Each structure stands twice: as structure tokens, then as C-alpha cells.
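To start, the structure under review is shown below, and the notes come after it.
Numbered from 1 within each chain, the chains take letters A, B, ... in sequence-line order. Keep in mind it's a predicted model, so treat the numbers as computed, not measured.
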Amino acid sequence: MRRFELTPEQDQLQRAARGFAEKRLPVAHLRGLRDSHDPLRLSRALWREMAHLGWAGIAVDEAHGGAGLGLLELGLVMEELGRTLAPTPLLATSVIGATALAAGGEAVRAHLPALAAGERLVALAFEEERRFAPYTCRTTAHHASGGGWVIDGEKVFVLDGPAADLLVVVARVSGEPTDRNGLVVFAIDRATVGVDLQPLSMVDSRGVARIRFSSVAVPSADVLGEPGKGADLLDRLLSRATAALCAEMLGASDAVFHATIEYLKQRHQFGVAIGSFQALKHRAAHMFCELELTRSVVRAALVAIDRASPDAETLVSAAKARASDTFLLTSSEAVQMHGGIGVTDDLDIGLFYKRARVCDLTLGSSAYHRDRFARLGTGS
Amino acid sequence: MSRSASDEEFRAEVRAWLQANCPASMRTPFLPGDEVWGGRRRTFPSDDARIWFERAVERGFTVPSWPKEYGGAGLSREQARILDHEMRAMGCRSPLISFGIWMLAPVLMEYATDEQKAEHLPAIARGEIRWCQGYSEPGSGSDLASLATRAVLHGDHYVVDGAKVWTSHADQSDWMFCLVRTDAEGPKHDGISFLLIDMTTPGITTRPIPLISGSSPFCETRFDGVRVPARNLVGREGGGWQIAKKLLEHERSIISVMRDRAPEEAESLPAMLKRCGDASLRDRVIQAELDFLCNRLTLERTAEAAKAGRGPGAASSMFKLYGTELNKRRKELRVELAGYQGLGWEAPGFEPGELQITREWLRSRANSIEGGTSEIQLHIIAKRVPGLPD
Ligand SMILES: Cc1cc2nc3c(=O)[nH]c(=O)nc-3n(C[C@H](O)[C@H](O)[C@H](O)COP(=O)(O)OP(=O)(O)OC[C@H]3O[C@@H](n4cnc5c(N)ncnc54)[C@H](O)[C@@H]3O)c2cc1C
């Protein structure tokens with residue numbers, strides 16, 4: 001079975017996403033949100049437009065108002081959004097949120113149509129450390145005397161937290177703080193009493209929050225999956241999210257690479273285009289190769305998840321390690337090859353470079369995923 | 001090694017002087033924005049900074065080895081080394097940060113007339129005049145010799161027209177040392193002259209350009225019919241390129257050593273590694289530490305050779321290249337070690353020290369571009385590798 005060639009429908013979807021990103025979500029959009037200190041760091045109006053195009057609910061089943069498509073399709077849209085550094089809720093809401101809510105009972109799944117309509121945004125609150133450590137959880141969940149649960153704790157680095165209506169929260173029912181066992185996942189309304197959200201100003205200008213939960217009461221109906229086995233769901237969310245983030249990084253790397261190539265052709269020094277200097281030309285060729293390898297492994301990871309292939313996790317880690325490195329390489333070379341103008345805020349290059357650093361540390365750095373790749377077995 | 005009794009006396013004397021005159025708060029690492037740059041519009045982050053500046057100026061310790069007539073302390077090489085050592089040991093801040101001292105003064109000493117020296121050197125030593133560097137232009141960066149800012153002699157004045165770019169602190173500076181084209185006909189290197197320009201002259205405008213690190217230290221500088229007295233030409237007309245290159249050597253040496261002396265991070269890389277506990281970063285931290293050591297040893301070895309009369313030459317390019325690339329690596333590692341807390345842009349939610357990690361990492365990206373890019377340093381070094389064809 002082919003895994004790299006797109007169907008005509010997929011191809012069309014990708015083109016549509018590219019057109020939308022270029023027209024409605026150019027890099028200037030991110031700058032605008034940054035410079036106006038927008039508290040949400042994304043536009044809900046534009047998200048509704050994307051919902052109309054069918055992208056908010058792209059992976060939601062048709063019974064709940066979605067398009068019932070796969071992670072590959074989501075990845076194609078992510079890739080195009082990555083080209084313009086578009087800050088949208090696609091990752092947090094449509095990749096993670098949709099999968100999480102689908103694992104809940106009827107009450108929770110009832111949010112899905114609103115999610116697909118672009119009216120409900122979701123964020124996953126699971127991290128408590130300064131770096132990716134998915135199971136480390138000191139946030140506690142206790143049975144409340146009158147039924148339901150009570151949550152206490154603090155989460156950091158909640159992506160798209162500031163705009164979220166609904167929080168998918170990981171808490172601990174038993175075990176030690178770093179145990180994989182003993183976790184439980186909830187869907188909690190952002191407006192619930194005891195939820196205190198602090199938006200953070202990040203170097204890549206994206207929306208991130210720190211969230212405190214103080215004696216937050218949650219009905220039993222809002223538990224996702226089985227209490228104590230929350231890590232099974234969390235793993236699924238994280239591997240889908242990681243693959244989707246890789247697609248974004250691929251798009252961003254490709255865009256920043258092409259901007260650099262354009263500059264190498266256009267900028268003249270010593271009477272010739274700087275792209276004619278071997279010192280730069282060979283590095284451009286090297287980046288081109290890295291990008292090609294990244295394109296393959298990212299696509300393979302997305303498809304493997306859709307097909308539930310046994311090597312899916314191995315491919316996800318390979319993709320993250322590779323995409324992180326490629327994005328860091330292409331964006332840092334872009335800065336250097338632009339010379340003085342490359343370190344100015346007048347150019348978009350710096351925004352790509354900042355995003356690359358954040359993406360690397362998001363959902364596990366390239367070193368983390370190389371290690372995970374090794375632990376999973378190298379898949380060859 | 002035997003030290004002369006008078007050197008030991010000198011050591012005791014400066015130690016006591018520093019104890020008595022360097023305020024306690026000036027014996028701590030710099031915080032961002034704490035540097036004293038001098039100039040007509042000089043500002044001080046604190047009273048202590050002003051006191052320390054004034055006392056150092058008085059004693060000639062902003063430029064310890066310069067002759068007294070130019071505002072220095074007239075120290076011998078060995079005495080200057082002792083002072084430097086004592087200041088480091090006590091953690092004293094530099095009382096004055098100055099392009100004038102670092103870059104311009106060495107070439108003035110070598111090429112300027114006695115009148116020019118008398119006019120400019122004492123004002124540099126005393127931090128009264130702040131200088132900026134007008135080399136790069138929109139069309140001339142790495143290919144600096146292609147610069148096009150014109151200076152045409154009319155009687156006893158040059159009339160300057162053109163644009164400079166990336167001029168660090170142009171908007172804060174009183175004077176600029178500037179490369180101008182006085183001859184557009186012959187070989188490009190021979191038509192360049194080195195001109196000193198008062199920034200208050202009519203026709204000069206500056207526009208700050210923001211950097212990715214958030215600050216706006218550099219500017220676009222435009223010249224429209226700017227009249228500069230011909231006596232502000234340093235060296236001969238058309239002889240500017242040689243001076244320009246000499247100055248760049250000084251600049252590169254400074255950029256590389258500055259990294260070494262940089263208010264070294266509150267917490268060392270190994271300490272950060274220990275606290276963060278991410279074993280995957282261990283090897284890179286060790287590599288950075290090891291390279292740092294080797295680089296420092298090479299600096300020391302080169303300094304000893306220089307003392308024996310073997311000059312900097314390609315060494316300044318080598319240290320510029322290696323020092324800045326290493327600094328970029330170290331600053332980026334700090335972000336990785338700090339994790340999510342190293343990715344903040346503004347408070348709340350981040351400590352000042354954490355935000356500094358982010359900003360310094362971004363600022364370090366310019367190190368391998370300013371003062372000549374890494375690629376250009378590699379070219380220069382390659383030319384010196386014996387036997388390598390051109
Ligand atoms: C923070 C900062 C402060 C600065 N301060 C000052 C200042 O005070 N005064 C001043 O005059 N200038 C200043 N500069 C300018 C600096 O000197 C130039 O940016 C630098 O020389 C590079 O020139 P450019 O920006 O035009 O890049 P370009 O020369 O256009 O270079 C673009 C890319 O091409 C590469 N390249 C160019 N030629 C070759 C070649 N032959 N072989 C291989 N690669 C090549 C470069 O290495 C670079 O990667 C500053 C720059 C920065 C970033």
C-alpha cells in the first residue's frame with residue numbers, strides 16, 4: 001500500500017489550506033497578535049472561518065458534525081499553517097481535544113459538535129515540570145464526599161491555554177509522582193470555580209498558560225477513559241499531537257528554507273549573488289537533503305498512526321527528532337545567511353528561529369525522542 | 001618567575017585603591033542595561049556606577065596603559081596586567097564600556113596627527129564622547145570595500161552623502177568613525193577614506209532598528225549633504241582601508257574576549273545541568289565546557305606570543321570565529337537547560353534571570369555576524385593556512 005502519494009482529495013485539501021494560510025493567516029497575523037498583546041494569541045473569528053472550511057472538526061466523526069478524516073489530513077493542514085507560523089487552535093483543539101473528548105461518555109462527547117463548529121476550544125493541561133515529562137503529576141484527584149471528584153494542583157506550559165473553553169486535565173489518583181500508573185483524565189470547563197489561569201508571554205508569541213486548580217469539583221461524567229489508566233489515553237493524545245506538530249515544523253522549515261534560497265539569489269556581495277559562494281551553496285544543499293528526509297518520516301508517522309501500524313510510535317519519535325533538528329537547522333542557518341538583517345525584527349526569519357526553539361522543547365526535544373526511538377526499537 | 005619588588009608594591013597599592021574606591025555594588029556581575037557607555041548624554045544606572053566611573057577616570061584606570069597626557073595612567077604592560085588581575089579577582093565591573101577605547105583609539109594612536117590625538121583621546125579616556133562605527137551600508141556588508149557613501153572635498157570641508165546601516169548605538173553617540181568613498185574611479189580599496197564625523201552636524205539622521213532579542217541597539221544612519229571639516233580625515237585621503245582593517249582586528253579581538261569576560265552567567269552550565277537533571281544534555285554541556293577551556297588556553301598562549309612580539313594577525317579572526325560560535329552554543333544550551341522557563345519573553349511567570357537567558361540567547365545570534373561574519377573569518381583564516389591555494 002502506498003503511503004506517500006496523496007489522493008486527489010488530500011491534494012486539494014492541502015492546496016486549500018495553503019491558500020487560506022497565505023491569504024488569511026500570513027506571518028503578519030502573528031505579529032499583529034504579538035504587537036497588540038492579544039490576550040488569547042489567536043483569532044476566534046478566523047478559527048470559525050476555518051471551521052466553515054471543515055478543518056476544526058476534520059478528525060471528528062461525522063455523527064458529531066465532523067469530517068471523519070484522519071491524522072494525515074490534519075497533518076496536511078498543520079504543514080500549511082506552519083509555513084506562515086499561523087497561530088490557530090488546530091493542534092490543541094482538533095488534534096488533541098477531539099481525540100480526548102471522543103474517549104469520554106455521552107456528556108463529554110456532546111461538546112464535539114461545538115468543537116467542530118469552531119465554537120469550543122480545548123487545551124491539554126498535563127505538564128508540571130520545566131521540560132517534557134508526561135507522567136510526572138502531583139496534581140491530585142480525590143473522590144468527593146457527595147460523588148464526583150476534587151482536583152488540586154498546578155499545570156505549566158499549557159499550549160493554547162489562554163483561549164481554551166474546555167481543559168483536558170491529567171491528575172493522579174494513586175502512586176508516586178512519576179508513575180505511569182495511577183493517572184486520570186478529566187474534561188473541565190474553564191469557567192469552573194477554582195480554575196485560575198495565568199497567560200504567559202512566550203518567546204514565540206504563542207498562547208501558553210499556567211493553570212492552578214484549587215479544590216475544583218468535577219462530576220464523574222467528565223472523566224475520560226478509566227481512572228488509574230489515564231496514561232493510555234494520554235499516550236494516544238501525545239503521539240497524535242507530536243506527529244501533528246512535526247507536520248507544522250516541516251512546513252515551517254520548508255518555508256524558512258525557501259525564504260533563505262530566495263535571499264541567496266537576490267543578495268549580492270563582491271559583485272555576485274551570495275548563493276554562488278560554495279560556503280553557502282553547500283549548506284543550502286545540505287538543508288535540502290535534511291528537508292527531504294524530514295518530509296518522508298513525518299508523512300510516514302502520520303500515516304502509521306492512521307493505519308494503527310505497529311511501528312507508529314517508533315516513527316513518531318523518529319519524526320520528532322528529525323523535524324526538530326531540521327527546523328532548528330534551517331531557521332538558524334536562515335539567520336546566519338541573511339547577515340545583519342537576519343537578526344532584526346523587521347524580517348520574519350527571527351520569528352521562525354524562535355518558533356523552532358519552542359517546538360523543539362514542546363512534546364519532547366529531539367534528544368528525548370532519539371532516546372525514545374532507541375527504547376522502542378529502531379524499527380529497521 | 002621573578003617579580004620585581006616595585007611590581008609587588010604596585011599590586012599592594014592598587015589592591016588597596018580598589019578596596020577603597022570600587023563600591024561594593026560595582027563588584028557584582030553586570031545586569032542587563034547596567035553598563036556605563038559614557039558620552040555627552042551619559043547616564044548611570046546607579047550612584048555607585050557614577051562614583052566608580054568618576055574615580056576610575058580620575059585615576060586613569062579607564063585606559064590604564066595609555067600615556068597620562070591622553071588621560072591614561074601610564075602603566076607598564078606588567079602593571080596593567082596586575083591591575084587587570086586584581087580587578088578580576090575582586091569582580092570589579094568595567095567602569096566604562098567604549099567603542100572609542102576598544103576600536104578607535106588604537107588606530108588613532110597609530111595613524112592620527114598629534115592635534116587629532118590631543119582632541120579625541122582624552123575625551124575618549126574620560127568617557128566624555130561616545131563613538132559609533134560607520135562601516136556597513138545597505139549594499140556593503142561582507143564586501144565592505146564596495147562601500148558607496150560619498151565624501152567630496154569642497155575647499156576645507158568634505159560633503160558627505162549616503163547611508164550606513166547596523167550602526168550600533170548611532171542614536172546615542174556623539175561622534176562616528178566612518179568609512180567614506182573619496183574616489184569612485186580607481187580600484188575600490190584605494191578610494192576609501194577614514195573620516196571622523198560629529199553626529200550633531202546638520203544632515204545626519206538615525207533610525208533605530210529592532211533586533212530579535214527585543215532591544216534596538218543599532219540604527220540606520222543617513223547623510224544628506226553633511227559638511228565635515230577636512231581636518232577630521234585620519235591618515236591620507238584614499239588611505240582609509242588599511243586603517244579600517246586594523247580597526248577591525250581590534251574589534252574582533254574585543255568581540256571574542258568580551259564573550260570570555262562577559263558577566264558570566266549567574267549559574268554555570270554544569271550547575272544548571274545538575275539542577276535540570278536531563279541526562280540527554282550532559283555530553284553537550286561537557287563539550288561546551290571543554291571547548292571553553294581550550295579556547296581560553298589558546299587566548300592565553302596567543303597573549304604570551306604577542307608579548308614576545310608575535311602579533312595577532314589571523315588570530316583575531318580565529319578568536320572571533322571560535323569565541324562567537326562557542327558563545328552561541330553556550331547561550332542556546334542555557335535555554336535548553338532552563339526548559340520552558342527559558343522560553344519566556346516577559347513577566348509574569350518568569351524570573352528576571354530566566355528572561356535574561358532568553359534574551360541573551362537571541363542576542364548571541366548576532367555575534368557571528370557583527371564585526372564580520374563567521375564565513376568571512378573563515379576566509380581570512382584560510383588565507384593564512386600555509387600552502388593552501390588561494
Ligand atoms: C548586532 C550587530 C551590530 C552591528 N554593529 C555595527 C556597527 O556598529 N557598525 C557597522 O558598520 N556595522 C555593524 N554591524 C554590521 C556587520 O558588520 C554586518 O552585518 C556584517 O559585516 C555582515 O554584512 P551584511 O549584514 O551586509 O551581510 P552580507 O554580507 O550580505 O552577508 C549575508 C551572508 O552571506 C555570507 N557571505 C557574504 N560574502 C561571502 C563570501 N564571500 N563567502 C561566503 N559567505 C559570504 C555572509 O557570511 C552572510 O552569511 C552590526 C551587525 C550586527 C548584527
Side-chain angles (χ1 to χ4, degrees), chain A residues 34 37 127 129-133 156-157 198-206 208-210 267-272 274 277-280 283 328 331-332 335-354 357-358 360-362 364-371, chain B residues 136 138-146 165-166 209-216 218 275-284 328 332 335-350 354-355 358-359 361-370 373-376 378-379 382:
Chain A
R34 178 192 74 175
H37 294 93
E127 302 204 73
E129 297 284 299
R130 285 160 164 252
R131 62 197 62 249
F132 186 68
V156 301
F157 201 56
Q198 180 188 41
L200 299 178
S201 169
M202 305 298 291
V203 70
D204 64 348
S205 307
R206 295 291 186 101
V208 166
R210 181 178 293 181
R267 171 74 171 166
H268 282 65
Q269 288 288 276
F270 304 99
V272 292
I274 58 172
F277 299 129
Q278 260 180 17
L280 303 186
R283 276 148 64 191
L328 286 168
S331 61
S332 111
V335 171
Q336 182 66 23
M337 291 187 184
H338 277 76
I341 202 170
V343 292
T344 66
D345 190 59
D346 289 351
L347 235 61
D348 291 338
I349 297 299
L351 298 175
F352 280 87
Y353 181 63
K354 291 170 180 179
R357 204 358 87 237
V358 176
D360 175 51
L361 292 181
T362 303
S365 67
S366 77
Y368 176 96
H369 281 283
R370 268 194 299 277
D371 182 60
Chain B
S136 308
S140 307
S142 298
D143 183 14
L144 183 59
S146 69
V165 76
W166 324 131
I209 306 171
L211 278 180
I212 56 172
S213 58
S215 59
S216 300
F218 61 19
R275 205 155 58 82
C276 115
D278 185 341
S280 73
L281 294 169
R282 186 169 181 273
D283 191 53
R284 285 167 59 212
K328 287 198 300 187
E332 186 163 31
V335 170
E336 295 179 65
L337 287 162
Y340 306 143
Q341 289 305 108
L343 299 175
W345 185 247
E346 279 164 351
F350 302 97
E354 291 169 339
L355 293 170
T358 315
R359 304 286 179 130
W361 154 60
L362 290 168
R363 179 61 183 81
S364 75
R365 296 299 314 192
N367 295 159
S368 57
I369 295 167
E370 59 197 329
T373 65
S374 286
E375 288 77 12
I376 294 304
L378 284 164
H379 274 295

Any idea which of [options] has the most non-hydrogen atom pairs under 4.5 angstrom with chain B?
| options | result |
| --- | --- |
| Asp360(A), Ile341(A), Leu351(A), Thr362(A) | Ile341(A) |
| Ser332(A), Gly342(A), Ser365(A), Pro199(A) | Ser332(A) |
| Arg267(A), His268(A), Gln336(A), Glu127(A) | Gln336(A) |
| Val208(A), Asp346(A), Val156(A), Asp204(A) | Asp346(A) |

To the nearest 0.5 Å, how far apart are [atom1] in [X] and [atom2] in [Y]?
| X | Y | atom1 | atom2 | answer |
| --- | --- | --- | --- | --- |
| Ser331(A) | Lys354(A) | OG | NZ | 12.0 Å |
| Leu200(A) | Phe157(A) | CG | CZ | 9.5 Å |
| Met337(A) | Thr373(B) | CE | OG1 | 11.0 Å |
| Thr344(A) | Leu211(B) | OG1 | CG | 7.5 Å |
| Leu361(A) | Tyr368(A) | CG | OH | 13.5 Å |

(request) Return the set of residues passing side-chain contact (heavy atoms from CB on, under 4.5 Å) with Ser205(A) (not counting sequence neighbours), or none when no residue passes. (result)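 Result, side-chain contact (heavy atoms from CB on, under 4.5 Å) vs Ser205(A): Leu30(A), Arg34(A), Arg41(A).
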Flag the one option from [options] with the top tally of heavy-atom pairs under 4.5 Å to chain A.
| options | answer |
| --- | --- |
| Gly344(B), Ala366(B), Ser142(B) | Ser142(B) |
| Leu337(B), Thr358(B), Val165(B), Leu281(B) | Leu337(B) |
| Ser213(B), Ser146(B), Cys276(B), Ser136(B) | Cys276(B) |
| Ser280(B), Ala145(B), Ser216(B), Ala338(B) | Ala338(B) |

Under 4.5 Å from any heavy atom of chain B - which part of [X]:
| X | answer |
| --- | --- |
| Arg370(A) | neither |
| Glu129(A) | backbone |
| Phe277(A) | neither |
| Leu280(A) | side chain |

For [Y], does its backbone N or O pair with a side-chain atom of [X] as donor and acceptor, under 3.5 Å?
| X | Y | value |
| --- | --- | --- |
| Arg131(A) | Asp278(B) | no |
| Gln269(A) | Gly139(B) | yes |
| Arg359(B) | Trp345(B) | yes |

Given a strict heavy-atom distance threshold of 4.5 Å, which part of [X] is in contact with chain A: side chain, backbone, both, or neither?
| X | result |
| --- | --- |
| Leu343(B) | both |
| Leu362(B) | side chain |
| Ser374(B) | both |

(request) Would you mind listing every salt bridge (Lys or Arg N to Asp or Glu O under 4.0 Å) that reaches into residues 336-349 of chain B, with sequence neighbours excluded? (result) Arg357(A)-Glu336(B), Arg284(B)-Glu336(B)
